[in-house]
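Residue numbers count from 1 along this sequence. This is a predicted model, so every value here is computed, not measured.
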Amino acid sequence: MDVKEKITKLRNERGWTLGKLATEAGISTSSVYNWYNEKNYTPSRDAIEDVCAAFHITLAEFWSDVEVDKLTEKEIKILESFRSMPAKKQEVV
């Protein structure tokens, strides 16, 4: 999923228009519309950070294709085990 598809997915999940996203992210409406019009601009890193702040997610969550609410119990246990490992062991994993 590319950046604009991800933003669209997040926006649609919340029922936000492009204008609402621009307002919530503190980005000009024209900039947001330019991501989707014939000019096909790509959002800058700063803009993506602003979008993440508006959606109350981290950059890691933005770039991850993992849908946390769809993890199985087994997957959650694996992640919990990973987090409790020392950093060196995490690197090996």
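Interatomic distance, Glu24 CD to Thr17 OG1, rounded to the nearest 0.5 Å: 9.5 Å. One distance of note links CD of Gln90 with CZ of Arg83; it measures 9.5 Å at 0.5 Å rounding. Atoms NZ and OG, on Lys89 and Ser81 in that order, are 11.5 Å from each other to the nearest 0.5 Å. Atom CD1 in Ile48 sits 9.5 Å away from atom CD1 in Ile27 (nearest 0.5 Å). Distance CG/Leu10 to CZ/Phe62: 6.5 Å, rounded to 0.5 Å.
No more than 12 heavy atoms of other residues, nucleotides or ligands shown are found within 6.0 angstrom of NZ on Lys77.
When each of Thr29, Val51, Asp50, Thr8 is checked for a side chain to side chain contact (heavy atoms under 4.5 Å, CB included) with Leu21, only Val51 meets the rule.
Under a hydrophobic clustering in which Ile, Leu, Val, Met, Phe, Trp and Tyr are joined whenever their side-chain heavy atoms come within less than 4.5 Å, directly or via other members, Ile78 and Met85 fall into different clusters.
Scanning all heavy atoms of the two residues, the minimum distance from Ile7 to Pro43 falls at CD1-CG, 4.0 Å.
Put simply, the side chain of Tyr36 gets close to the backbone of Lys4: a donor and an acceptor are under 3.5 Å apart.
Between Arg45 and Glu49, at least one side-chain N (NZ, or NE/NH1/NH2) sits under 4.0 Å from a carboxylate O, which counts as a salt bridge.
Side chains of Glu61 and Ser64: a donor-acceptor N/O pair is absent below 3.5 angstrom, by distance only. Using modelled atom types, one finds no donor on one side chain facing an acceptor on the other under 3.5 Å when comparing Ser28 with Tyr33.
Between Thr58 and Trp63 there is no side-chain heavy-atom pair separated by less than 4.5 Å.
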Exercise. How far apart are the C-alpha atoms of Trp35 and Thr42, what are their side-chain angles, what is the distance that settles it, and do they pass the side chain to side chain contact (heavy atoms under 4.5 Å, CB included) test?
Worked result: CA-CA 6 Å; Trp35 299 341; Thr42 301; over 6 Å; no
